[in-house]
Participant: 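Would you mind keeping the following structure in view while I ask a few things?
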Amino acid sequence: MRTREKKRGRGYWIFLLVWSVLLTVVLAVSLIWFYGFLKEYQRVFEETRPLLYQNEVMQVFTSGDAERILEQAEPVELGPFEGRKELADFINDYLSGKNLDFGTKAGEHIEERPVYVVTADEVPFAVVRLKKKAQTAAYGLPLWETDRIELLPLPRKEYSLLAPSTVTVTVNGIPVTEYAMEESGLRGTAEEYLEAYTQIPSYNRYDLGQFYGEPELSGVNAAGERVDIGYNETEHCYKAAFGGDKLFQDTVEDYVIKVVTDYAMYVSNDAAYNSLDKYFPKKSPLLEGIKKNQREWFDYHLKPEVKNQEIKDFIVYSEDAFSAQVYLEQYMYVPYSKKTEMLVTDLHVYFVKIDGAWKVSGIAFQ
């Protein structure tokens, strides 16, 4: 009996040992599998975090190509004379050299609806909203995509334009039309010298609206010549000039220089008292004032030699009015001092057509 009991006891312990070994193996395999599952789950979990996707979105902002931003961003309000290209150029300049970063948007960011704020040198620039894709990653974890990008308000500047009614102006390649006109019939400085004899085109004021970048303006007058357009920083206003007419200037240039040369000779007391009469309208108050003023260079001198005559500026207001800035130098020898003196004349002279002839209507004395 004892032998049988010993055999049964030994079999029990062998069974228990085998069972323990099998259980340990199963448990070890299960733990290894579970560890692998956790590791893989953690990997997929990390790869599907919205933060990781937002890092990819940041490549759009750091690319230096604003077109990529605008392709994904909601439409931005633009003025009538500014297009997408100008906005892209402005954004490129705005972001250039800045440190771009992002963080969660306070009050809106939650796990199910991530919202990030992109900053440029710590100044908010854009809001990026993410949403879950229809398809999921392994284990049902969400995949993310961009819902929308909203560009935050950027600095804008408002401009106006003052231009003669005879000048056509384009802003960023877009013609300025009467729809942008605020005022018409505005006077310029030339009227002071011309209005007693003729009427010239007035100025119009246009509202150009707001711009993100600096607008590019160009103007052409009735003669087809480009005109200068200046800018007043205080008033945020561009002003277009009347411009000239090279073909017309060529026909009157010799006459204009002759008028100013004779005027200079009169002032230096080297021309007769009535030598300027032919250049002025009858009963011209300007001519009367010139004759009343004392002449210069009373000391005896030899007849001056006139040199370096040139027209520095030529402006056409209408077919009956123009003006010219004329420069010349008179060199005169003074026997008393035994020196050659130089007298400079630099005048802006206004001309009007009267009975088919050009007459001096005004002189802008400096």
Side-chain angles (χ1 to χ4, degrees), residues 40-159 170-174 208-218 231 233 236 238:
E40 178 65 13
Y41 183 89
Q42 180 68 23
R43 183 188 67 79
V44 176
F45 178 80
E46 293 295 336
E47 290 179 353
T48 57
R49 301 300 296 153
L51 182 65
L52 192 64
Y53 178 78
Q54 177 61 20
N55 279 321
E56 296 179 9
V57 175
M58 283 300 295
Q59 296 176 12
V60 175
F61 294 92
T62 58
S63 67
D65 182 5
E67 278 293 343
R68 292 184 60 188
I69 300 175
L70 295 177
E71 285 173 0
Q72 300 186 39
E74 294 182 332
V76 175
E77 180 184 3
L78 295 172
F81 299 101
E82 195 168 37
R84 178 162 166 151
K85 177 184 180 302
E86 288 76 24
L87 176 59
D89 290 342
F90 171 76
I91 292 176
N92 283 331
D93 290 340
Y94 179 81
L95 296 180
S96 178
K98 287 184 171 63
N99 178 45
L100 300 180
D101 202 353
F102 70 91
T104 58
K105 191 174 191 305
E108 287 194 46
H109 179 88
I110 60 176
E111 186 70 19
E112 293 295 306
R113 192 179 64 245
V115 183
Y116 297 95
V117 177
V118 177
T119 59
D121 282 351
E122 300 184 355
V123 177
F125 172 72
V127 175
V128 179
R129 304 178 190 278
L130 306 185
K131 65 179 181 180
K132 293 179 180 179
K133 285 185 175 182
Q135 66 270 32
T136 63
Y139 314 114
L141 293 172
L143 294 173
W144 300 96
E145 63 183 356
T146 304
D147 183 11
R148 65 185 188 273
I149 296 176
E150 173 191 352
L151 298 183
L152 297 175
L154 294 168
R156 301 175 76 185
K157 200 170 181 179
E158 192 163 359
Y159 296 97
T170 61
V171 180
N172 292 332
I174 302 172
L208 302 182
Q210 293 185 328
F211 292 78
Y212 290 100
E214 199 76 24
E216 293 184 6
L217 282 76
S218 63
Y231 179 65
E233 179 67 40
H236 304 311
Y238 289 92

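The first residue in the sequence is number 1, and the count goes up from there.
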Participant: Give the minimum heavy-atom separation between A88 and E67, together with the two atoms involved.
Facilitator: CB-OE2, 4.0 Å
Participant: Which pair of heavy atoms, one from F81 and one from N172, lies closest together, and at what distance?
Facilitator: O-ND2, 2.8 Å
Participant: Between the main-chain N or O of D121 and the side-chain N or O of T119, is there a donor-acceptor pair closer than 3.5 Å?
Facilitator: no
Participant: Got a donor-acceptor contact below 3.5 angstrom from the E82 side chain to the Y212 backbone?
Facilitator: yes
Participant: Where is the tightest heavy-atom contact between P215 and V171, given as atom of each residue plus distance?
Facilitator: CB-CG1, 3.9 Å
Participant: Kindly say whether E233 contributes a backbone atom to a donor-acceptor pair with the side chain of H236 at under 3.5 angstrom?
Facilitator: yes
Participant: Which value, rounded to the nearest 0.5 Å, describes the distance between L95 atom CG and F90 atom CZ?
Facilitator: 9.0 Å
Participant: May I ask you to decide whether K105 forms a salt bridge with E108, counting only side-chain N to carboxylate O separations under 4.0 Å?
Facilitator: yes
Participant: Pair V127, I149 - check side-chain contact (heavy atoms from CB on, under 4.5 Å), show working.
Facilitator: CA-CA 6 Å; V127 175; I149 296 176; over 6 Å; no
Participant: Please check if the number of heavy atoms outside R113 that lie under 6.0 Å from its CZ is greater than 12.
Facilitator: no
Participant: So, taking the atom named CZ in R148 and the one named CZ in R129, what distance separates them when rounded to the nearest 0.5 Å?
Facilitator: 4.5 Å
Participant: Using every non-hydrogen atom in the two residues, find where A120 and K98 come nearest and quote the distance to one decimal.
Facilitator: CB-CD, 3.6 Å
Participant: Looking at CD of Q59 and CG of L100, how far apart are the two atoms once the value is rounded to the nearest 0.5 Å?
Facilitator: 12.5 Å
Participant: Less than 4.0 angstrom from a charged side-chain N to a carboxylate O is my criterion; do K132 and E112 meet it?
Facilitator: yes
Participant: For residues L78 and G83, report the shortest heavy-atom separation together with the two atoms involved.
Facilitator: CD1-C, 3.7 Å
Participant: Can you name the nearest heavy-atom pair linking I174 to P80, along with the distance?
Facilitator: CD1-O, 3.5 Å
Participant: For the CZ atom of R156 and the CD atom of E158, what is their distance to the nearest 0.5 Å?
Facilitator: 9.0 Å
Participant: Got a donor-acceptor contact below 3.5 angstrom from the S96 side chain to the N92 backbone?
Facilitator: no
Participant: Hey, which of Y116, F61, F125 is the one that makes side-chain contact (heavy atoms from CB on, under 4.5 Å) with F102?
Facilitator: Y116
Participant: Any cation-pi pair here, K157 with Y159, using under 6.0 Å and within 45°?
Facilitator: no
Participant: Would you say CD of E214 has more than 12 non-hydrogen atoms from neighbouring residues, nucleotides or ligands within 6.0 angstrom?
Facilitator: yes
Participant: Using a 3.5 Å distance criterion without hydrogens, assess whether the side chain of Y94 forms a donor-acceptor pair with backbone atoms of L154.
Facilitator: no
Participant: Check this for me, if you would: do E145 and K133 make a salt bridge, where the nitrogen-to-carboxylate-oxygen distance has to be below 4.0 angstrom?
Facilitator: no
Participant: Can a donor-acceptor pair be found, under 3.5 Å and without considering hydrogens, that links the side chain of D147 to the backbone of K131?
Facilitator: no
Participant: Backbone N or O of P114 within a donor-acceptor pair of the H109 side chain at under 3.5 Å?
Facilitator: no
Participant: Can you tell if the side chain of Q54 reaches within under 4.5 Å of the side chain of L130, non-hydrogen atoms only?
Facilitator: yes
Participant: Would you say F211 and L87 make side-chain contact, with heavy atoms under 4.5 Å?
Facilitator: no
Participant: Kindly determine whether V118 and V128 satisfy side-chain contact (heavy atoms from CB on, under 4.5 Å), including the steps that lead there.
Facilitator: CA-CA 7 Å; V118 177; V128 179; 3.9 Å; yes
Participant: Taking the side chain as every heavy atom from C-beta outward, state whether L151 and L70 have any pair of such atoms under 4.5 Å apart.
Facilitator: yes
Participant: Would you say T146 and V57 make side-chain contact, with heavy atoms under 4.5 Å?
Facilitator: yes
